[in-house]
Number of protein chains: 2
Amino acid sequence: MMEKAAPLRLNGRIWIELDSGRLLGPGRVELLERIKASGSIRQAALQMEMSYKQAWDLVNDMNDRFDTPVVISHRGGKGGGSAVVTEKGLKAIEQYHILDASFKRFLEENHKNIDL
Amino acid sequence: MMEKAAPLRLNGRIWIELDSGRLLGPGRVELLERIKASGSIRQAALQMEMSYKQAWDLVNDMNDRFDTPVVISHRGGKGGGSAVVTEKGLKAIEQYHILDASFKRFLEENHKNIDL
DNA sequence: TTTCGTTATATTTTTATTTATATAACGAAA
DNA sequence: TTTCGTTATATAAATAAAAATATAACGAAA
């Protein structure tokens, strides 16, 4: 009798890092995209169901560690404040998606090699 | 003046998973290898500076969720007890290394594409 | 100058995770 | 049958991470 084949999958994650640690992974990219779309750190955080503090800390960390800020924020004024993703941030998003697409192909291609 | 080039690196992790979650990644593979080499869950844990409980929990989880156990352990007797990695476990180690080697090549090849 | 919703920040509270501690079960060998 | 070091398990203590709460700063527009 054939042994039941368990649905084993290959999965993984990639990120861009500095010596100081991880700088850009899927979560941060999604955050940047939602900031871009909403113009607000708070709205982006709400959409991702994370606290504003968590979102702000991530943005702040990226701004500190990229050589150029990825988000510029303003407080006060119409709407209470706003945040925009910089050219640098847009490039980072784009770069990550290109790498991630390659990685997904890698996972797909190597998935068939699993034989346990 | 040229902008200082920050040493951005691409990095990542892969693992084998089931619907129920991660089953085999770099940490578990190292644990299996050290159990194989030492014949002891405790010694493997000490070498990796993790608690015995943590190591035991990992082994237990793998044995539960692989269709065949990857480690067989005995208590009592000469040396107090022992643990051996099964054929299934050995295959899992081997498979993981093959996949991880491919992944390292992937990282190397795509590293040059990072331009931020 | 008052209102508004957001940014920015600190502090507290809660929850989750990890580590430490203790102890029973075990069986070969002395 | 006593000793030994390990497996197996439970519980408590300590740390760390996350979430909640509070509040000041801000500036355009009403």
Side-chain angles (χ1 to χ4, degrees), chain A residues 13 15 17 20-28 30-66 68-86 88-89, chain B residues 13 15 17 20-23 25-28 30-66 68-86 88-90:
Chain A
R13 288 205 175 174
W15 60 84
E17 67 181 22
S20 49
R22 297 188 192 190
L23 183 58
L24 193 70
R28 290 176 185 219
E30 182 180 350
L31 182 61
L32 290 178
E33 289 174 328
R34 291 186 185 276
I35 290 171
K36 179 190 172 191
S38 67
S40 160
I41 295 171
R42 177 169 296 279
Q43 292 309 314
L46 285 174
Q47 289 169 18
M48 293 179 71
E49 291 181 57
M50 67 169 71
S51 69
Y52 171 79
K53 175 178 168 36
Q54 194 178 340
W56 187 87
D57 283 346
L58 289 171
V59 168
N60 187 246
D61 180 68
M62 286 188 278
N63 280 347
D64 278 352
R65 293 168 57 223
F66 269 98
T68 303
V70 292
V71 172
I72 300 293
S73 57
H74 304 278
R75 58 180 169 185
K78 179 182 156 190
S82 63
V84 296
V85 177
T86 65
K88 182 80 171 185
Chain B
R13 287 205 175 175
W15 59 84
E17 67 182 20
S20 50
R22 297 189 192 190
L23 184 59
R28 290 176 184 218
E30 182 180 349
L31 181 61
L32 290 178
E33 289 173 328
R34 290 185 186 276
I35 290 171
K36 179 190 172 190
S38 68
S40 160
I41 294 171
R42 177 169 295 279
Q43 292 309 313
L46 285 173
Q47 289 169 18
M48 292 178 71
E49 293 180 56
M50 67 169 70
S51 68
Y52 170 78
K53 174 177 169 39
Q54 195 177 341
W56 187 87
D57 284 346
L58 289 171
V59 168
N60 187 246
D61 181 67
M62 286 188 279
N63 280 348
D64 278 352
R65 292 168 58 223
F66 269 99
T68 304
V70 291
V71 172
I72 301 292
S73 56
H74 303 277
R75 58 181 171 185
K78 180 182 156 192
S82 64
V84 297
V85 177
T86 65
K88 181 81 171 186
L90 296 177

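In the text below, chain A, chain B and the rest are named by the order of the sequence lines, each starting its count at 1. All values below come from the heavy atoms of this structure, side chains included, with hydrogens, waters and symmetry mates left out.
- Looking at residues two or more places apart in sequence or on another chain, you find no side-chain hydrogen bond (donor to acceptor under 3.5 Å, both in side chains) involving A/Gln43.
- Heavy-atom minimum distance, B/Gly27 versus B/Met48: O-CE, 3.7 Å.
- If you check every strand for non-hydrogen atoms under 4.0 Å, B/Ser73 touches sugar and phosphate atoms only.
- The structure places CD of B/Glu33 at 10.5 Å from CD1 of B/Ile35, a figure rounded to the nearest 0.5 Å.
- Listed by residue number, the members of residues 53-64 of chain B with any heavy atom below 4.0 angstrom from DNA chain D are B/Trp56.
- Atoms CE and CZ, on B/Met50 and B/Arg34 in that order, are 9.5 Å from each other to the nearest 0.5 Å.
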Return a table of donor-acceptor pairs under 3.5 angstrom between the side chains of residues 52-63 of chain B and protein atoms on other chains or two or more places apart.
unit_1, atom_1, unit_2, atom_2, d
B/Lys53, NZ, B/Asp57, OD2, 3.0
B/Asp61, OD2, B/Arg28, NH1, 2.9
B/Asp61, OD2, B/Arg28, NH2, 3.3
B/Asp61, OD2, B/Arg65, NH1, 2.8
B/Asn63, OD1, B/Val70, N, 2.7
B/Asn63, OD1, B/Val71, N, 3.1
B/Asn63, ND2, B/Val71, O, 2.9

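- Protein chain B touches strand DNA chain C; the 5'-most and 3'-most nucleotides with an atom under 4.0 angstrom of its non-hydrogen atoms are C/dT19 to C/dA28.
- Nearest-nucleotide mapping onto DNA chain D: of A/Gly77 and B/Gly79, the residue sitting toward the 5' end is B/Gly79.
- Atom OG1 of residue A/Thr86 and atom NZ of residue A/Lys36 lie 11.5 Å apart, to the nearest 0.5 angstrom.
- In this structure, the separation between OG on B/Ser82 and CZ on B/Arg42 is 14.0 Å, given to the nearest 0.5 Å.
- For the residue pair B/Leu31 and B/Ala44, the shortest heavy atom distance occurs at CD1-CB, 3.9 Å.
- Taking each heavy atom of B/Glu17 and B/Trp15 in turn, the nearest pair found is OE1-NE1, 2.9 Å.
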Per-nucleotide pairing state of DNA chain C [Watson-Crick or G-U, under 3.5 Å; [ ] pseudoknot-crossing; | other strand]: ||||||||||||||||||||||||||||||
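- Residues of residues 31-42 of chain A having a heavy atom closer than 4.0 Å to DNA chain C, listed by number: A/Ser40, A/Ile41, A/Arg42.
- When every heavy atom of A/Ala83 is checked against every heavy atom of A/Ile41, the shortest pair comes out as CB-CG1, 3.8 Å.
- Between A/Lys88 and A/Thr68, the closest heavy-atom pair is CG-O, 3.8 Å.
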